Undergrad: 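Take this structure, written in C-alpha cells, and hold onto it; I'll ask about it next.
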Amino acid sequence: MPFQPFAQPQPAMRRAITEAYRQDERQCIERLLPQAAMTREQVFAAQRLARRLVAEVRAKRSKASGVDALMHEFSLSSLEGIALMCLAEALLRIPDKDTADRLIRDKLSRGDWRAHLGNSASLFVNAAAWGLLVTGKLVSSYSEQGLSAAVTRLAAKGGEPLIRKGVDLAMRMLGRQFVTGENIDEALENGLERESRGYRFSYDMLGEAAMTEEDAERYFHDYEQAIHAIGKAAAMRGVYEGPGISVKLSAIHPRYSRAQHARVMNELLPRLKALFMLAKQYDIGLNIDAEEADRLEISLDLIEALARDPDLAGFKGIGIVVQAYQKRCPFVIDYLIALARETGHHFMVRLVKGAYWDAEIKRAQVDGLPGYPVYTRKVHTDVSYLACAKALLSAQDAIFPQFATHNAYTLSALFTLASGLDYEFQCLHGMGETLYDQVVGSANMGRSCRIYAPVGSHQTLLAYLVRRLLENGANSSFVNRIVDESVSIEDLVADPCEVAAREGGRPHDKIPLPSALYGASRCNSAGIDLSSELVLADLQQRLQDSERRAWMACPMLADGDRRGGVARAVQNPANLGERVGQVFDATAEDAQRAVTLAVDAAAGWAATPPAERAACLQRAADLLEAHRADLMGLAVREAGKTLPNALAEVREAVDFLRYYSRQAAEELAGKAPLGPVVCISPWNFPLAIFLGEVSAALAAGNTVLAKPAEQTSLIAAEAVRLLHEAGVPRGALQCLPGRGEDVGAALVDDARVQGVIFTGSTEVAQLINRTLAARGGDTVLVAETGGQNAMIVDSTALPEQVVADVLASAFDSAGQRCSALRVLYLQHDVADKILAMLRGAMDELIIGDPAQLATDIGPVIDDEARAGLLAHIDKMRGVARTMHQTVLPAETAGGHFVAPTLIELDSLAPLTREVFGPVLHVRRFGADQLDLVLDEVNRSGYGLTHGVHSRIDETIDYVADQVKAGNVYVNRNIVGAVVGVQPFGGEGKSGTGPRRAVRSICTG
Ligand SMILES: Cc1cc2nc3c(=O)[nH]c(=O)nc-3n(C[C@H](O)[C@H](O)[C@H](O)COP(=O)(O)OP(=O)(O)OC[C@H]3O[C@@H](n4cnc5c(N)ncnc54)[C@H](O)[C@@H]3O)c2cc1C
C-alpha cells in the first residue's frame, strides 16, 4: 500500500484551529467584533492617550532615529528606496571589489536622488546622508550642500574605491543603528542603559533559515551560547523581570515543514527541548517566533510536546508567538489556554500582528487555495488583535500576555483594557522607542516594555533590516503613517472596531480570492493545502481509493474502444513489484482507422459553435478538479511524481483547458480549423502537456488524434475519458496509446493528417519534420524540444536564495523537466561557499517513494532513463573536478532511482547533450569573464530557459540580451520581498514551460 497514512491524528481541541482556516473573512470579523468591542468610555480613554502619544512622537520626530526617519526619507515605493535597500542588503556580503563597485555604480545610475537630498547627484551622497542622518551625526557636522560638494570632489578624486569605502561605512553605521550588538556580550552591554530605564530584552540571534545540517548546528550552538550569556546576565531575576531569548525554529533545523513531520518531531524537538532545559536552568524566558502560516500546525505539535514533557513541568518561561492576522488566531489562543491549564503551565504568549502578510497573500494565490489564511484588510487584523488580546488577558492563571506592537492606538487600547492585570509590551530594537519612552518607567505610564533585540554581524543585520522595512514599509503600517504629516491624528487613533463594523467586515476589494485571480478571463485552478491535517486526511482517503481501481488504457476510437491485442502491464517506477494497471496498445490498423474517423468527424466538430466547444473544455476542467485525487494518484504511481508535483500537474492541465476554452470562445471564433491533428506528448508532464496540446487543437475546431507517451498511457486515457464525459465527441478526440516508432510514426506518415503538435526530444522533432517534408504539402508542425539550460550566479546573489532555486530547478521532478537547470555558472569568489551549502542541502533531500508526503525526489521514469543517467555519471567521473552524490536509501533498490548528482567541470566539452535527470553540472567563472560564459552557454545549443541571480540590473539586462534561450528567469530579489520575483523551475504551476501558443497550427 504505497499511500501510507500521512495525516496526523487530530485532538478535538486542535480541530477547531484547522477548520478555522477555511472561514470566510466577513464571518470571522462578525464573530470577533463583539469580542473586541470596548465600552464608549474605554474607547475615549484609549483615544485620548493615543492622541497624546502620537503628538509626542511627532514632536520628537526631528530627532527621531531608526526606521521612522529612514522611511520618511525614502519610500519603498520609489526607485531610490528600492535601490538603497538593494545596496544595503547586498553590499557587505560581496567579497570582490570589482563586483561591489559594479553594484554601487548600478544603483547610483538609477533613480532621482536629487529629489531626496539637496542637489546631490549620486546615490553615495544619499546613502551616506541616509546612514549619517539616521545616526544623527551628519546633521551636526555638515550641511547637505557641504556633503554634496564633498562627495562630488571625493568621487572625482578617488573614484570608485573611495566611494565603495564611503558606502560601506554608511551601511555599517546603519547596521549599528538597528542591531543591539555584533555578538551577545556586546548586545548585553549595550542593553544596560535601557534596562536601567525599565526596558527588558529578548535577544534574537540573526541569520537566514538553515539550509544544511551544518547551518542548523551552528545556529543551535549560537543559541546555546547566547542562553548561557543571557542566563548569567539575568542573575536569576526570573522570566518576567530578566532578559530572555527568541528562537526561530527554521534556523535550528534545515527541513522545518509539515511535509517533514517525522524528522521535525525526531530531530528538531530534542534540540528545542535542550534549549528550553538550558533556559529553565537559568530561569529565563524562551520565545518561539511565529513563522509562515503553513508552519502553524506543526509548531503547535512541538509546543504541545514540550508542554507535556515532565522535564519542563513548572517552568514559566515557555514563550509562544501568535499572529493576529491569521484567521486561526482566536482558536490558537483558546487551545493554548486550555493546554496551559491542562498541563499546569503558565505560558508567555507574545501577540503580534504578523510579519509575512504579503508573502501569505502571494502564496495562497500561487497555490490556488480556497481562501487566505490571513485577513485582507489591515483594520481586520487590528480588530482580531484586540479580541485576541482580551482573550489572553482573561486567562491570567494560564497566560502571561506580551503585546508586541508599535501602534499607538493598539497600545493605548490595551493599556486601558488591562488596568490592574499582568502583562508587558514589546517592541523591536530601533523602532517605536520614541513611543515606548513615554510608557516605560514609573515617571511615565509605569508599564514595562521588552525590546526584541537582534544580535549579529552587520552583514546579517542588513538583510534583517530590509525585511523589517518591507514589513513596515506598507503605507497602511502605523510606523509609516505616524511620520506622514498628511495623515491626521484623528485618523491614527480611529477605533478599528468602529471602522470594521461600519464597513460590514467585507474583505479588501482589490484582493480577490485566489480562485478569482484572473478576473473575468478565467478561474484559477484550485489547489489544496498540503499543510492542513484535514486536507491531508481527505486526500489520503481518496488516493487510497484510487489505488484500488483497475486502471486500463486502450485505443479509444470514435466507433468504440479496442481491447484486442496483448495487454502490457504498467509498473510503478518507484516500486517495480507494483502493478498500476494495463495498456492495450494501438496497432497500425487502429491508427489508420482512427484517421479515417477523424476525417469523418472533422466537419461536424468544425461546425460546432465555438461557444459550445469552449463549454466542453470548461466542463472538462471542472471534471478534472472533481477527479483530482485519481489523477494525482496516477501521476504518482505511473509517472513517479511527488505529491506536490502531482497536484501541480493537475492544476496546470486545468489551467490549459480553461485558457484554451477562452481562446475558443473569443479569439478563434470564425477561423477555419485545419482538420485532423496529431498530438504527441511526453511522459514528464503526462497530463499537463498532453491536455495542453489536445485542448489547443480542439478549441480551434480540429479533430484530435492523441498519442500519449508510452510510459504514461493510463493517466492520458483517464483524461480522455473525462473530456468525453464533458461533451467532447468521440470523433473529435481519439486516443491511441502505443510506441512512438509504431503508432506515432503511422499517424505522422498519414497524408490525411493536417497538423502535428509535438513535445519531446530534438531528435524526434527532427524526424517528424523530415517525415512531413517527405510527404510534401504544407502540414503544420509545432514542436517544443529540450535544450541546455544554464544559470549564471554572480557574487551579489544571496547564497541561500541561490541554493533554494538550484535545488528546485535542478532536482525537483528528479530533474525531468525541459526547463530544469543543467549547468550552473558560479563566480569564483562565491563558488566554494555556495557549493558547500548546495552539497549540504542536497544531503537533506529525501529520495524515495513519491507516495510519501515527505519525499522530495522520486524515481526517474524507466530503466532506460536510469541506465543512461548512470552511464553519463560514470563517464564524468573521469573528467570531473569534483563530484557529489546524495546517498540512496536502501528502499529505493526496488525502483528506477538515480541519486541527485553534482558534477564540477573545468570545461563544458564533455557535456555533449542535455542530461535529462537529477544531474547538475557546475562551472566557475571570474568576475571579468561574463562574456566567455555567455559564449560557452550559447555554443552549447539553444536553452529552453536561462537563469540569472544578480542584484546588478545592468548584468541582468546584458545576460537577457545576449543569451540564446526561450525564457530568462531573473532573481534580483532583495531578501523577503515578494515583488518582482520570478521563481525558477518553470513559470507554469508544474513547470512545463511557457504556455504554448498553439494557435498557429489550429487555424488555416
Ligand atoms: C517584539 C516583537 C516580536 C515579533 N515577533 C514576531 C514573530 O515571531 N512573528 C511574526 O510574524 N512577527 C513578529 N513581529 C513582527 C510583527 O508582526 C510586526 O511588527 C507587526 O505586525 C507590526 O504591527 P504593529 O502593531 O506594530 O503595526 P501596525 O501598523 O498597526 O500593523 C501592521 C500589521 O498589520 C498587518 N497588515 C498589514 N496590511 C494588512 C492587510 N491589508 N490586511 C490584513 N493585515 C494587514 C500586518 O500584520 C502588518 O504587520 C514581532 C514584533 C515585535 C515588536
Side-chain angles (χ1 to χ4, degrees), residues 25 28-29 50 54 67-68 71 180 199-204 244-251 285 287-293 295-296 299 319-327 329 348-361 364 372-386 388-389 402-414 424-433 435-436 449-454 464 467-484 487 492-494 496 500 505-511 976:
E25 183 159 348
C28 290
I29 295 304
V54 169
V67 177
D68 322 13
M71 277 189 319
T180 337
Y199 282 101
R200 301 159 179 173
F201 283 86
S202 183
Y203 294 96
D204 163 50
I245 188 163
S246 294
V247 174
K248 273 206 166 39
L249 299 187
S250 57
N287 235 288
I288 300 173
D289 281 354
E291 301 186 53
E292 293 83 352
R295 287 169 157 157
L296 174 66
S299 74
I320 301 152
V321 182
V322 287
Q323 298 159 318
Y325 66 7
Q326 284 210 48
K327 292 176 184 166
C329 190
M348 303 174 115
V349 176
R350 175 194 298 158
L351 185 63
V352 300
K353 288 181 188 166
Y356 307 87
W357 182 81
D358 45 2
E360 298 295 357
I361 295 285
Y372 294 108
V374 296
Y375 299 109
T376 58
R377 302 192 62 208
K378 159 85 169 62
V379 70
H380 293 169
T381 295
D382 291 339
V383 169
S384 165
Y385 194 95
L386 288 179
C388 294
Q402 301 173 309
F403 299 122
T405 178
H406 308 112
N407 182 318
Y409 180 80
T410 310
L411 182 164
S412 304
L414 293 172
E424 71 179 14
F425 286 115
Q426 298 196 344
C427 72
L428 298 175
H429 171 78
M431 272 175 68
E433 286 169 30
L435 178 67
Y436 280 103
C449 174
R450 189 177 299 272
I451 298 173
Y452 185 92
Y464 160 87
R467 227 177 278 129
R468 288 279 92 91
L469 286 175
L470 288 165
E471 165 194 317
N472 293 286
N475 53 14
S476 62
S477 143
F478 190 86
V479 286
N480 202 326
R481 281 155 56 95
I482 200 169
V483 295
D484 181 353
V487 180
L492 283 173
V493 304
R506 82 190 139 72
H508 202 295
D509 55 2
K510 296 242 165 46
I511 308 176

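Remember, it's 1-based here, ligands and their atoms both numbered in the order they're listed. Keep in mind it's a predicted model, so treat the numbers as computed, not measured. Note that these values count all heavy atoms, side chains included, but never hydrogens, waters or copies made by symmetry.
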Undergrad: With rounding to the nearest 0.5 Å, note down the distance linking NZ in Lys353 to CD in Gln326.
TA: 15.5 Å
Undergrad: Given Lys353, His429, Lys378, Arg450, which one has a non-hydrogen atom that is nearest to atom 20 (C) of ligand 1?
TA: Lys353
Undergrad: State the atoms of ligand 1, each with its element, that fall below the 4.0 Å cut-off from a heavy-atom position in Leu428.
TA: 2 (C), 51 (C), 52 (C), 53 (C)
Undergrad: Would Phe478 count as being in polar contact with ligand 1, using the rule that some N or O on each side must be under 3.5 angstrom apart?
TA: yes
Undergrad: Say whether His508, considering both its backbone and side-chain N or O atoms, lies within less than 3.5 Å of an N or O atom on ligand 1.
TA: no
Undergrad: In terms of atom number and element, which parts of ligand 1 are under 4.0 angstrom from non-hydrogen atoms of Tyr356?
TA: 11 (O)
Undergrad: Need the ligand 1 atom indices (1-based, order shown) with element for anything under 4.0 Å from a heavy-atom of Asp289.
TA: 8 (O)
Undergrad: At the 4.0 Å heavy-atom cut-off, does Thr376 count as touching ligand 1?
TA: yes
Undergrad: With a cut-off of 4.0 Å, which atoms of ligand 1 are near a heavy atom of Val321?
TA: 7 (C), 8 (O)
Undergrad: How does Cys427 reach ligand 1, if at all, at less than 4.0 Å between non-hydrogen atoms: by side chain, backbone, both, or neither?
TA: backbone
Undergrad: Got a second to check how far Arg481's CZ is from Leu492's CG, nearest 0.5 Å?
TA: 5.5 Å
Undergrad: Do Val352 and Tyr452 come within less than 4.5 Å of each other through their side chains, counting heavy atoms only?
TA: no
Undergrad: Give the atoms of ligand 1, by number and element, whose distance to some non-hydrogen atom of Ala404 is under 4.0 Å.
TA: 1 (C), 2 (C), 52 (C), 53 (C)
Undergrad: For a quick test of reading the model, state the closest non-hydrogen atom pair linking Glu291 to Gln323 and the distance between them.
TA: O-NE2, 3.0 Å
Undergrad: Of all the heavy-atom pairs spanning Arg450 and Gly244, show the shortest one and how long it is.
TA: NH1-N, 3.7 Å
Undergrad: With atoms numbered from 1 as shown, which atoms in ligand 1 lie under 4.0 angstrom from a non-hydrogen atom of Thr405?
TA: 24 (P), 25 (O), 26 (O)
Undergrad: Quick one: look at Thr381 and ligand 1, take heavy-atom pairs under 4.0 Å, and tell me if it's side chain, backbone, both or neither.
TA: side chain
Undergrad: Could I get the full list of ring pair (Phe, Tyr, Trp, His ring centres under 6.0 Å) partners for Tyr199, not counting sequence neighbours?
TA: none
Undergrad: Counting only heavy atoms, which portion of Gln323 has something under 4.0 Å from ligand 1: side chain, backbone, both, or neither?
TA: side chain
Undergrad: Heavy-atom distances under 4.0 Å are what count here, so tell me which part of Trp357 touches ligand 1: side chain, backbone, both or neither.
TA: side chain
Undergrad: For Tyr203, enumerate each residue passing the ring pair (Phe, Tyr, Trp, His ring centres under 6.0 Å) test, keeping only those at least two apart in sequence or located in another chain.
TA: Phe201
Undergrad: At under 4.0 Å between heavy atoms, is it the side chain or the backbone of Tyr385 that contacts ligand 1, or both, or neither?
TA: neither
Undergrad: Assess whether side chain to side chain donor-acceptor pair (under 3.5 Å) is satisfied between Thr376 and Glu25, documenting all intermediate values.
TA: CA-CA 8 Å; Thr376 58; Glu25 183 159 348; 3.0 Å; yes
Undergrad: In the structure I gave you, are the side-chain heavy atoms of Tyr372 and Glu360 within less than 4.5 Å of one another anywhere?
TA: no
Undergrad: Based purely on interatomic distance, does Thr410 place a nitrogen or oxygen under 3.5 Å from a nitrogen or oxygen of ligand 1?
TA: no
Undergrad: Sort out for me which residue in Thr405, Asn407, Thr410 forms a side-chain contact (heavy atoms from CB on, under 4.5 Å) with Phe478.
TA: Asn407
Undergrad: Considering only heavy atoms, which of Gln426, Gln326, Arg350 lies nearest to atom 3 (C) of ligand 1?
TA: Arg350
Undergrad: Hey, can you tell me if His380 and Tyr375 have their rings parallel, tilted or perpendicular (30° and 60° cut-offs)?
TA: perpendicular
Undergrad: As an exercise, identify every atom of ligand 1 less than 4.0 angstrom from a heavy atom of Ala355.
TA: 10 (C), 11 (O), 12 (N), 17 (O)
Undergrad: Do Gln402 and Ser202 come close enough that some side-chain heavy atom pair is under 4.5 Å?
TA: no
Undergrad: Enumerate the atoms of ligand 1 whose separation from the nearest heavy atom of Asn407 is less than 4.0 angstrom.
TA: 25 (O), 26 (O), 30 (O)
Undergrad: Is there a polar contact between ligand 1 and Ile511, counting only N or O atoms under 3.5 Å apart?
TA: no
Undergrad: Any heavy atom of Arg377 sitting closer than 4.0 Å to ligand 1?
TA: yes
